[in-house]
Participant: 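Questions regarding the structure given below will be posed in turn.
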Amino acid sequence: MSKPRPISGFPEWAPPQRMIEQYVLDRIRTTFELYGFAPLETRAVEPLDQLLRKGETSKEVYLISRLQDEDGPTVGEGTLGLHFDLTVPLARYVLENAGRLHFPFRRYQIQKVWRGERPQEGRYREFTQADIDIVDRDTLSAHHEAEMPLVIGDALGGLPLGSTDGRLPIRIQVNNRKICEGFYRGIGLADPMAALRAVDRLDRVGPDGVRTLLIETAGATEAQAKACLALAEISAPDASFADAVRQLGVTDPLLDEGLAELVAVMENAAAHAPGLCVADLRIARGLDYYTGTVYETQLRGFERFGSISSGGRYDNLASDEHVRFPGVGISIGVTRLLGLLFGANALSISRSVPTCVLVALVSEERRAESNRIADALRRRGIPTEVAPSAAKYGKQIRYAERRGIPYVWFPGVDGAGDEVKDIRSGEQVGASADVWQPPAADLHPTIG
RNA sequence: GUGGCUGUAGCUCAGUUGGCAGAGCACCGGGUUGUGGUCCCGGGUGUCGUGGGUUCAAAUCCCAUCAGUCACCCCA
């Protein structure tokens, strides 16, 4: 059998990277719960028709089939696909369990998702999303839209990125679709959705490119295109963007509604997390189910890789003939975030294993003695392993040193007491496994 | 899914007009009847991504494929 090889787009981190990932995931989870979001896990698969209910992302959905079905998956009734985000499964879950849920329903969900796209740095076919949503019945208060960025800011704000100079490592760009749609309506634009898609590409194709797109795909006149661009170029770190929009002289009820909502989001952010959010009226988001506030998140220093966390408000995703469940949510691309940071060597960990203490082995005959010491340490929460062989002590120390294990424990011989050595400083002191305690900073690997 | 670039040791890379696969670091063994790191001696640890083809001869040229990366598409 030939050597196994990686599969494109399906990353497998090494243990030190996985330890960092678990640290980040723990931090995200703790923050989500701190804000009162309840955990949920949905199955990996959804019926294909559910997955395709909104949007036309069909080409990137992975279908599943059994080996028995020799011709592969047949697309039709009952066809299953792997979910490509956590919002569509949530919508399905809410419709299915509406009678058992309390609204507004605040839930978080941290799971793998799959997309059959072409991988590159920061883009994968299998990746983890950490998603929060608030879903209500019939109507959803706008203040929930202001809460989302704060949670994300807290979850990611404290990441120990080497380059942080006191500033937050992220910046959340916020916009409101109602502003765009109201504005487009106010200037009499024929196809608002096409205009949104065109404006969304401002960063990539530039103002002239967008102008061309607006005229060619959205049926805009030269003057309309110019107005759209003027709107898209508005950006402000506070609520002052609203004045800039009004100065464009367009009036429309939906526009006013959107302005009020975005002002509320910005004022709330300024009050609780100064510098976190920026109102950026070019942010449109390709997904067509967003109906209000939309978010994108830039990682400082990695702007060219795009958003590492995004979402928005959707009024119509979860609904049937009788009830409507409007929601707002935002999702962190954990795998993308880590892939970018790993690639830049921006995150490191103090050791490559969880082990804090390596108990040395005097001889193979006395392994039980070392095992007892390890047990005593573990009982008190100190991650401990026993040396794999009774090699010369120099070798045993080197075993620890290679892995970054900070302490080696030497069982006492001939009646002498045990000793523990900090192999970084070389300091070695007498110790008892029943009471010795490492400094708190050494107990677990630290991320830096 | 479409197109471009890249692929040599664990890592970073060198390898001439096609002519016996190399360096630094890392790693392994020894000096050290048992406490590492410095120092000294010794060791190349490799299906040149993989599979075909051309050739007396391929890391080198050609084709395919896989992986990484970039642009598009889309998006975390």
Side-chain angles (χ1 to χ4, degrees), chain A residues 1-12 14 28 55-62 83-87 109-132 152 156 170 197 200-201 203-205 209 283-288 290 294-299 302 304-312 329-340 343 345 352 358 360-364 387 389-411 413 419-428:
Chain A
M1 183 174 149
S2 58
K3 187 177 175 182
R5 307 197 167 282
I7 298 174
S8 186
F10 292 78
E12 293 180 313
I28 291 171
E56 58 283 7
T57 40
S58 56
K59 282 174 292 187
E60 55 183 49
V61 171
Y62 281 105
H83 57 224
F84 57 84
D85 70 8
L86 300 176
T87 306
Q109 207 170 330
I110 302 175
Q111 284 182 242
K112 289 275 173 65
V113 303
W114 296 268
R115 291 182 195 173
E117 290 183 39
R118 186 76 141 212
Q120 47 185 269
E121 187 168 22
R123 309 186 59 181
Y124 305 93
R125 291 179 155 173
E126 177 180 73
F127 58 99
T128 299
Q129 285 194 325
D131 191 277
I132 47 171
I152 301 303
L156 300 182
I170 59 167
R197 282 191 291 272
D200 190 43
R201 310 187 56 184
D203 282 336
R204 283 188 296 276
V205 301
I283 301 302
R285 317 266 318 118
L287 292 175
D288 53 10
Y290 292 120
V294 290
Y295 319 93
E296 289 199 355
T297 307
Q298 309 250 296
L299 187 60
F302 299 87
R304 77 181 187 89
F305 289 101
S307 178
I308 51 136
S309 171
S310 51
I330 188 163
S331 191
I332 301 173
V334 179
T335 310
R336 162 176 289 184
L337 173 68
L338 291 170
L340 297 178
N345 275 320
S352 65
L358 176 76
L361 203 53
V362 180
S363 65
E364 199 52 50
S389 70
K392 291 194 286 189
Y393 275 173
K395 288 268 190 66
Q396 298 192 38
I397 291 171
R398 193 158 67 177
Y399 176 96
E401 199 244 329
R402 297 271 182 264
R403 292 163 176 75
I405 300 170
Y407 296 97
V408 176
W409 191 284
F410 298 103
V413 291
E419 296 195 342
V420 64
K421 179 189 187 80
D422 181 338
I423 64 172
R424 296 159 301 186
S425 64
E427 186 189 6
Q428 185 166 332

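Proteins come first, then strands; the chains are lettered A, B, ... in the order of their sequence lines, and each starts at number 1.
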Participant: Within the sub-3.5 Å range, which N or O atoms of nucleotides 3-8 of chain B have a protein N or O partner, and how far apart are they?
Facilitator:
none

Participant: Using the C1' atom in both, what is the distance from B:U16 to B:U60, to the nearest Å?
Facilitator: 11 Å
Participant: With sequence neighbours excluded, what pairs up with A:Q298 under the side chain to side chain contact (heavy atoms under 4.5 Å, CB included) test?
Facilitator: A:R171, A:Q173, A:E303
Participant: For A:R403, does its backbone N or O pair with a side-chain atom of A:S352 as donor and acceptor, under 3.5 Å?
Facilitator: yes
Participant: Give me the distance, rounded to whole Å, that separates B:U54 from B:C28 when you measure between the C1' atoms they each carry.
Facilitator: 41 Å
Participant: Using the closest heavy atom to pick a nucleotide of RNA chain B for each, name whichever of A:I397 or A:S331 lands nearer the 5' end.
Facilitator: A:I397
Participant: Please give the distance between the C1' atoms of B:U69 and B:G49 as a whole number of Å.
Facilitator: 15 Å
Participant: Residues two or more places apart in sequence or in another chain: which of them pass side chain to side chain contact (heavy atoms under 4.5 Å, CB included) with A:S363?
Facilitator: A:E365, A:R366
Participant: Looking only at atom P, what distance separates B:C5 and B:G22, rounded to whole Å?
Facilitator: 31 Å
Participant: Which whole number of Å gives the distance between the P atom of B:G7 and that of B:C62?
Facilitator: 13 Å
Participant: A:I170 CD1 to B:A76 P: how many Å, rounded?
Facilitator: 15 Å
Participant: Do A:E121 and A:F305 come within less than 4.5 Å of each other through their side chains, counting heavy atoms only?
Facilitator: yes
Participant: Quick one: does A:V408's side chain get under 4.5 Å of A:Q396's, heavy atoms only?
Facilitator: no
Participant: Tell me whether the OP1 or OP2 atom of B:U32 has a side-chain N or O from A:K392 closer than 4.0 Å.
Facilitator: no
Participant: Please report the distance, rounded to the nearest Å, between CG in A:D203 and P in B:C75.
Facilitator: 15 Å
Participant: For the residue pair A:Y407 and A:L358, establish whether any side-chain heavy-atom pair is separated by less than 4.5 Å.
Facilitator: no
Participant: Mind checking side chain to side chain contact (heavy atoms under 4.5 Å, CB included) for A:T297 and listing every partner two or more places apart, or none if nothing turns up?
Facilitator: A:I170, A:I172, A:S307, A:I308, A:S309
Participant: With a 4.0 Å cut-off on heavy atoms, is A:G306 in touch with a base, just the backbone sugar-phosphate, or nothing at all?
Facilitator: nothing
Participant: Can you list everything that forms a salt bridge (charged side-chain N to carboxylate O under 4.0 Å, His left out) with A:E12? Sequence neighbours excluded, please.
Facilitator: none
Participant: Roughly how many Å is it from CD in A:E296 to C1' in B:A76, rounded to a whole number?
Facilitator: 10 Å
Participant: Kindly say whether, by distance alone, the side chain of A:Q428 makes a donor-acceptor pair under 3.5 Å with the base of B:U35?
Facilitator: yes
Participant: Give the rounded distance in Å between these two atoms: CZ of A:R304 and P of B:C72.
Facilitator: 11 Å
Participant: Please answer whether B:A76 and A:F127 are stacked, defined here as ring centres separated by less than 5.5 Å and planes angled under 30°.
Facilitator: yes
Participant: Roughly, in whole Å, what's the span from CD in A:Q396 to P in B:U35?
Facilitator: 11 Å
Participant: What integer distance in Å separates A:L86:CG from B:A76:P?
Facilitator: 11 Å
Participant: Not counting sequence neighbours, which residues clear side chain to side chain contact (heavy atoms under 4.5 Å, CB included) with A:E401? List them please.
Facilitator: A:R398, A:I423
Participant: Please work out if A:A360 contacts a base, only the sugar-phosphate, or nothing of the nucleic acid, heavy-atom cut-off 4.0 Å.
Facilitator: nothing
Participant: Any heavy-atom pair between the side chains of A:F127 and A:V113 that's under 4.5 Å?
Facilitator: yes
Participant: Can you tell which of B:U35, B:U69, B:C75 lies closest to the side chain of A:E121?
Facilitator: B:U69
Participant: Which part of the nucleic acid, if any, lies within contact of A:Q120, taking any heavy atom under 4.0 Å across all strands shown: a base, the sugar-phosphate backbone alone, or nothing?
Facilitator: base
Participant: Counting distance alone, no hydrogens or angles: does the base of B:A76 have a donor or acceptor under 3.5 Å from a partner atom on the side chain of A:R123?
Facilitator: no
Participant: Name the residue closer to the 5' end of RNA chain B, choosing between A:S309 and A:F305 according to the nucleotide with the nearest heavy atom.
Facilitator: A:F305
Participant: Between A:R201 (CZ) and B:A71 (C1'), how many Å, whole number?
Facilitator: 12 Å
Participant: Under 4.0 angstrom, heavy atoms only, what part of the nucleic acid is A:A400 near: base, sugar-phosphate, or nothing?
Facilitator: nothing
Participant: How would you label the contact of A:Y295 with the nucleic acid (heavy atoms, under 4.0 Å): base, sugar-phosphate, or nothing?
Facilitator: nothing
Participant: On a plain distance test, is the side chain of A:R336 in donor-acceptor contact with the base of B:C75 below 3.5 Å?
Facilitator: yes
Participant: Which residues satisfy the salt bridge (charged side-chain N to carboxylate O under 4.0 Å, His left out) test with A:E117, sequence neighbours excluded?
Facilitator: A:R123
Participant: If you look at every strand shown and take non-hydrogen atoms under 4.0 Å, does A:Y124 touch a base, only sugar-phosphate, or nothing?
Facilitator: base
Participant: Mind pulling the stems RNA chain B is in, i.e. runs of at least three Watson-Crick or G-U pairs, everything under 3.5 Å?
Facilitator: B:1-7 with B:66-72, B:10-13 with B:22-25, B:27-31 with B:39-43, B:49-53 with B:61-65
Participant: Flag the pair A:T335 / A:E126 as yes when at least one side-chain heavy-atom distance between them is below 4.5 Å, and no otherwise.
Facilitator: no
Participant: If I pick the P atom on B:U6 and the same atom on B:G46, what distance separates them, to the nearest angstrom?
Facilitator: 27 Å
Participant: Taking the C1' atom of each, how far is B:C63 from B:C27, in whole Å?
Facilitator: 38 Å
Participant: Kindly determine whether A:R115 and A:D85 satisfy side chain to side chain contact (heavy atoms under 4.5 Å, CB included), including the steps that lead there.
Facilitator: CA-CA 9 Å; A:R115 291 182 195 173; A:D85 70 8; 3.9 Å; yes
Participant: For the residue pair A:G426 and A:K421, what are the closest heavy atoms and their distance?
Facilitator: O-NZ, 3.5 Å
Participant: Could you tell me which residues satisfy ring-ring contact (aromatic ring centres under 6.0 Å, His included) with A:F410, sequence neighbours excluded, listed by chain and number?
Facilitator: A:Y393
Participant: Checking all strands, does A:G426 fall into the base, sugar-phosphate, or nothing category for heavy-atom contacts under 4.0 angstrom?
Facilitator: base
Participant: Show me the protein contacts with nucleotides 63-67 of chain B, counting only N or O atoms at under 3.5 Å.
Facilitator:
residue	atom	partner	partner atom	Å
B:A67	OP1	A:S8	N	3.0

Participant: Looking at A:S310, does any N or O in its side chain come under 4.0 Å of the phosphate oxygens OP1/OP2 on B:A76?
Facilitator: yes
Participant: Are any protein N/O atoms closer than 3.5 Å to N/O atoms in nucleotides 25-29 of chain B? If there are, list each pair with its distance.
Facilitator:
residue	atom	partner	partner atom	Å
B:C27	OP1	A:R402	NE	3.2
B:C27	OP1	A:R402	NH1	3.0
B:C28	OP2	A:R402	NH2	3.3
B:G29	OP2	A:R398	NH2	3.3

Participant: Under a 4.5 Å cut-off applied to non-hydrogen side-chain atoms, are A:W114 and A:H83 in contact?
Facilitator: yes
Participant: What residues, two or more places apart in sequence or in another chain, satisfy salt bridge (charged side-chain N to carboxylate O under 4.0 Å, His left out) together with A:R402?
Facilitator: none
Participant: Nearest whole Å is fine: how far is B:G37 C1' from A:I423 CD1?
Facilitator: 9 Å
Participant: Using the C1' atom as the point on both nucleotides, what is the distance between B:G3 and B:U12, in whole Å?
Facilitator: 30 Å
Participant: Indicate, with a heavy-atom threshold strictly under 4.0 Å, whether A:I308 touches base, sugar-phosphate, or nothing.
Facilitator: sugar-phosphate
